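Here the structure is laid out as structure tokens; the discussion comes afterwards.
Note that the coordinates shown come from a computational prediction; the quantities given were computed from them, not determined experimentally.
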Amino acid sequence: NNRENLEAILKGFKDLQKRVKQREIEGEIRKGLENADSAPGGRVLKVSRTPACIRDLNIRPTIGASSRRTVGVLEAHANGFRFSIKGAADKVDILYDRVRHAIYEPCGNNALIVLLHLHLKEPMLIGRKRTQDIQFFTEVAAQTEDLAQRRAGASYDPDEVLEEQREREMKERLNKLFLAFTKKVEQIETCPLHFDIPFEAMSFVGVPFKAVVTLTPCTNALVSLQEWPPFCLDMSDVDIVVFERCIMSLREFDIVFVKKNYDELPVRITTIPRVHLNMLKSWLRDRQLVWYQCSMNMQWQAVMKEITRDLKEFVKKGAWEAWLGDHEDSDASGGEVMESSDYQEDDSDDDAKPGKDADSDFSVVADEEEPESSLEDDEDGMSWDELEQEAERDDRRKAMAGLPGAAARPGQAKQSIFQPPAKRSRR
């Protein structure tokens, strides 16, 4: 009974959580619609009669919880985009003034999709999801391959050669189609957008989230768009850049982008191969960004908390130069002072006592030679057994001659070694 009661309580608690969460989502949707209606101009999409469009596109994030892919048509109207889902009445409207970065990435050698990416100024709701990045793409070739159905083939197989040729032609055709669409959008008089194209020659690999992805600089942003979730960093929001773990003994390093808004945490990209270090420094120099490098990772949450506690004191002490600046000049000057003082001390000792070192050297040599001579004398002399035998023979000669023993103690009557000593009387 107790177990059933606990399970019923737990089930009711989970149902309540779902209802509250759904109510919050509906409130955000209703609030977003009210803000759109009350904005200047009504923020309503102005539909054109003959808009520029691309058909059979996929959208990310997907609309609806059950559908994997959302296929539809993208149209460019007078003041915004409209994505109409194929076979459904749902539509997604994105106004031009809500887009911060519009990026067109063609399908390159190492990519399988061609895409248009919109990075918004503020997050918006797509279906039931709140997102700041929206992507429209189409696949040139299948991104996944079923190994069970894969047939063995040779490098000179005519079918595979034709398939690769068709894939190259498909890439060229789709790249031209998307590029033409971007040109038509930019030609709209009421459209302020300009589509940026990533510099493929400056690509490098890193880990902005959890997986290794390819990152590519653009004119105004650093992006990684082929994988989802995407990474898009506006470089105009960056204050300084810090290269962490930047030492010669390591093959990889990390890079941290500190934003101008110090209330936001810095953005860190880890595990970047060292071969890209000089290229990144050149790119940052061209953008006139200040960068520092250090040999360890910093606890940026604690650092930003300390800085935002008193910004005036932070600026007064030298700002980032006091935290990350190179202090080699002061260390080098201190080292020179230490070296000069040691040199002067040695000169003063030599001038004051010129003959002391020479005498000490000779005395050391003499002390070292004395033990050698004593060892040689010991080796040439007699051993202890031979000395005892010599003493016994000497005592016998003295006894034969009637001479007193040499071993007699002072104050004691000298007696022959053959006569016992006199007995003492007992009192």
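- Here the side chain of S224 pairs a donor or acceptor atom with the backbone of T214 at under 3.5 angstrom.
- The heavy-atom pair separating C232 from A221 by the smallest distance is SG-CB, 4.4 Å.
- Under the 3.5 Å distance criterion, the side-chain polar atoms of Y96 are matched with a main-chain donor or acceptor of H77.
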**Item:** F136 vs I134, side-chain contact (heavy atoms from CB on, under 4.5 Å): CA-CA, chis, key distance, verdict
**Value:** CA-CA 7 Å; F136 307 97; I134 303 174; 3.8 Å; yes
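- Just one of L57, I59, L112, I113 meets the side-chain contact (heavy atoms from CB on, under 4.5 Å) condition when paired with F137; it is I113.
- C107 and N175 make their closest contact through N-OD1, 3.0 Å (heavy atoms, listed as atom of the first residue, atom of the second, distance).
- Comment: E390 engages R393 in a salt bridge, judged by a side-chain N to carboxylate O separation of less than 4.0 angstrom.
- Annotation: salt bridge (Lys or Arg N to Asp or Glu O under 4.0 Å) contacts involving residues 245-264, sequence neighbours excluded, comprise R245-D254, K259-E264.
- The structure places CZ of F83 at 10.5 Å from CD of E75, a figure rounded to the nearest 0.5 Å.
- Here the straight-line distance linking atom CG of L115 with atom CZ of F178 works out to 7.5 Å at 0.5 Å rounding.
- Using bins of under 30°, 30° to 60° and over 60° for the plane-to-plane angle, the ring pair W320/F314 lands in the perpendicular bin.
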**Request:** Could you walk me through whether I240 and L324 pass the side-chain contact (heavy atoms from CB on, under 4.5 Å) test, one step at a time?
**Result:** CA-CA 11 Å; I240 64 165; L324 304 168; 4.0 Å; yes
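- The shortest side-chain heavy-atom distance between H117 and V223 does not fall under the 4.5 Å cut-off.
- Here M202 pairs with F199, P217, M279, W283 under the side chain to side chain contact (heavy atoms under 4.5 Å, CB included) rule; sequence neighbours left out.
- Counted within 6.0 Å of CD on E313, heavy atoms from surrounding residues, nucleotides or ligands total more than 12; the atom is thus considered enclosed.
- Of the inter-residue distances, the one linking C246 atom SG with L277 atom CG reads 4.5 Å to the nearest 0.5 angstrom.
- Within the 4.5 Å cutoff, the side chain of W300 has heavy atoms near those of the V258 side chain.
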**Request:** Could you give me the CA-CA distance, side-chain angles and deciding distance for D56 and K86, then say whether salt bridge (Lys or Arg N to Asp or Glu O under 4.0 Å) is met?
**Result:** CA-CA 8 Å; D56 298 331; K86 190 175 182 179; 3.8 Å; yes
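- A heavy-atom distance below 4.5 Å is not found between the side chains of D237 and F257.
- Atom CE of residue M124 and atom CZ of residue R98 lie 5.0 Å apart, to the nearest 0.5 angstrom.
- Contact detail for V114 and P106: the closest heavy-atom pair is CG2-CA, 4.0 Å.
- The NZ atom of K183 sits 14.0 Å away from the CD1 atom of I188 when rounded to the nearest 0.5 Å.
- Ionic pairing of E172 and R168 is not present here: no N-O contact between side-chain nitrogen and carboxylate oxygen is shorter than 4.0 angstrom.
- Within 6.0 Å of atom CD in Q299, 12 or fewer heavy atoms from other residues, nucleotides or ligands are found, so the atom counts as exposed in its surroundings.
- Looking at every heavy atom in both residues, L120 comes nearest to T131 through CD1-O, 4.3 Å.
- Residues H119 and D234 form no side-chain contact, since every pair of their non-hydrogen atoms from C-beta on lies 4.5 Å or further apart.
- A 4.5 Å side-chain heavy-atom check between N297 and T270 finds every atom pair outside the cut-off.
- Within the model, atoms CG of L116 and OG1 of T138 stand 11.0 Å from one another, a figure rounded to the nearest 0.5 Å.
- Under a 3.5 Å cut-off, the side chain of Q226 and the backbone N or O of A111 do not form any donor-acceptor pair.
- When atom types are taken as modelled, the side chain of N220 and the backbone of S236 share no donor-acceptor pair closer than 3.5 angstrom.
- Scanning all heavy atoms of the two residues, the minimum distance from V140 to K171 falls at CG1-CG, 3.3 Å.
- Identified under the salt bridge (Lys or Arg N to Asp or Glu O under 4.0 Å) test for residues 189-203, with sequence neighbours left out: none.
- Within a 6.0 Å sphere centred on CZ of R274, other residues, nucleotides and ligands contribute more than 12 heavy atoms.
- Here the side chain of E244 pairs a donor or acceptor atom with the backbone of M298 at under 3.5 angstrom.
- No side-chain heavy atom of L280 sits less than 4.5 Å from a side-chain heavy atom of W291.
- Using the six-membered ring where Trp is involved, F81 and F181 have ring planes that are tilted, between 30° and 60° apart.
- Within 6.0 Å of the CD atom in E7, the count of heavy atoms belonging to other residues, nucleotides or ligands exceeds 12.
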**Prompt:** Would W323 and E306 satisfy side-chain hydrogen bond (donor to acceptor under 3.5 Å, both in side chains), going step by step from the backbone distance to the final call?
**Reply:** CA-CA 11 Å; W323 282 78; E306 180 68 22; over 6 Å; no
**Prompt:** Under the side-chain contact (heavy atoms from CB on, under 4.5 Å) criterion, do L284 and F243 qualify, and how do the steps go?
**Reply:** CA-CA 12 Å; L284 295 174; F243 294 96; 3.7 Å; yes
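- When all heavy atoms of D133 and W228 are compared, the pair lying nearest together is O-CH2, 3.6 Å.
- Judged by distance alone, the side chain of S48 and the main-chain N or O of T50 form no donor-acceptor pair under 3.5 Å.
- Contact annotation: the side chain of V212 never approaches that of T271 to less than 4.5 Å [non-hydrogen atoms, C-beta and beyond].
- Although no hydrogens or angles enter the test, the distance criterion places a donor-acceptor pair under 3.5 Å between the side chain of N79 and the main chain of V44.
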**Request:** Check the pair L179 / K176 against side-chain contact (heavy atoms from CB on, under 4.5 Å), numbers first and verdict last.
**Result:** CA-CA 5 Å; L179 182 61; K176 291 180 180 179; 5.7 Å; no
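- Residues F231 and V213 fail the side-chain proximity criterion, which asks for heavy atoms closer than 4.5 Å.
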